[in-house]
*Asks:* 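Take a look at this one; I'll ask things after.
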Amino acid sequence: MNVRKISDHVLSLGASDPGLQYFDKLMPTPYGTTYNSFVVRGEDKVALLDPVQSDSIHQLLSNLAEAGIDHIDYILCLHTEQDHSGATELLLQRFPEANLVGTAKVAEFLEVHLNIPASEVQLIAENETLDLGGLGLTCVPIPFAHWPDNTMYWLEEERILFSSDLYGSHYAAPAHKAADEAIQLETTRSYYAEIMMPYSKQVARHVAKTRSLDPAIICPGHGPIWYDPDKVLSLYESYVSERMDIRVVMPVVSMHDSTKTMAYYLAEKLEGLGIPVNIHHLDNPNRDLRVSMGEVVEDTVDAACLIMAVPTVLTGPHPSAGALALMLNAFKPPLKYIALIGSFGWGSQIEKRFYDLLPQVKAERLDTLLIKGLPTKEDYELLDDYAQMVKEKLTSLSEE
Ligand code: FEO
């Protein structure tokens, strides 16, 4: 049972999945996640926002029963990705009197993803208000946060914003406790990195819109509710800003320690020059690669530079670095600089093969530094020069 009163007219009664390890089979979720659903009760009508994923319908129905909700007038679909919409048909079977409500884009996507005819959706337009009697839910589309159909609803009378995926976190706090704020902030950052970062320009506009509404409470589609919205809005404003930390993110893969030797030496030199370096090993045999890749992506939210340290395998990059490159290309971190270093055995085409995987990453590419075999004294001097070059590039950013 997981029913929480948010205000006199609003209940939270979604589903919790604390054991989930990877969202979308990709994004590490060490604190699980929630599939939030809310009920708003006006004087005349009852609305439910987000029908949860299909596997969690039993939790939603149980919570509705616990809350004494035996009639629903409107089921509002904020976003048709299945983790929010999957149980729509099942919910309609239990509440056949309900009208399914969504934007034109939601209606289009419900047909695509759930085979619900678009004609069965009661359309709502931007800024239109669904009257519940003494209360109204106003439609605020937020396209590409992170799908074209994401929609917020604004309950002006209580200054409560239902924000869909925006401002979410993958964190299933225990039902009997308040959310741990440190975990909420940590998971909000990783969630932003893997869900919102590819669309940071659109997200910046949605954050400005949210500021203009000045909500007292934000109810996202995943994770705990924000009772002090300034916390998450300030975080998002820092994520979408142009300002980057003068810091190097250094993912490392090494087979015979030559590349690792280069990476450690360069990192030590950079640190000595006052440039912080975060090393992330992609070659830990006791760790799922998705965990390490997720940490790299999260680190790139506000880092100015990424230096990939990777050996050559059969003339191309080690596949672990290739997998990371596909991730970076998808999540489009706002890096200013990207670089490639590594050791090879007898021949390499790694530079072209690596960057061919990154067409969407617009960072300036620094010179590639490849070394044959184990670094020699001359190679260490090249690494000294390389550290100096990286420092000057990053310093020029802070001068800008
Ligand atoms: Fe939480 Fe885009 O689904």
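Computed from a prediction, not measured in an experiment: that's the story for all the values here. First listed ligand is number 1; within each ligand, the first listed atom is number 1.
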*Asks:* Apply side chain to side chain donor-acceptor pair (under 3.5 Å) to Thr129 and Thr138, showing your working.
*Replies:* CA-CA 4 Å; Thr129 299; Thr138 302; 2.7 Å; yes
*Asks:* Against the six-membered ring of Tyr199, is Lys332 placed for a cation-pi contact (under 6.0 Å from the centre, within 45° of the normal)?
*Replies:*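 The answer is yes, since Lys332 meets both limits relative to Tyr199.
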*Asks:* Classify the ring geometry between Trp147 and Phe109 as parallel (under 30°), tilted (30 to 60°) or perpendicular (over 60°).
*Replies:*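 If you compare the ring of Trp147 with that of Phe109, the planes turn out perpendicular.
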*Asks:* Can you name the nearest heavy-atom pair linking Met327 to Val297, along with the distance?
*Replies:*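 That closest heavy-atom pairing would be CE-CG2, 3.8 Å.
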*Asks:* Report yes or no: is the cationic atom of Arg365 (NZ for Lys, CZ for Arg) under 6.0 Å from the centre of the six-membered ring of Tyr337, at an angle within 45° of the ring normal?
*Replies:*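 No cation-pi geometry.
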*Asks:* Given the rule in the salt bridge (charged side-chain N to carboxylate O under 4.0 Å, His left out) test, do Glu364 and Lys336 qualify, once you have shown the distances and angles that lead to the verdict?
*Replies:* CA-CA 6 Å; Glu364 180 182 333; Lys336 299 291 185 190; over 6 Å; no
*Asks:* With 2.8 Å as the limit, jot down which protein N, O or S atoms are around atom 2 (Fe) of ligand 1.
*Replies:*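 Short answer, with waters excluded from the count: His79 NE2, Glu81 OE1, His146 NE2, Asp165 OD2.
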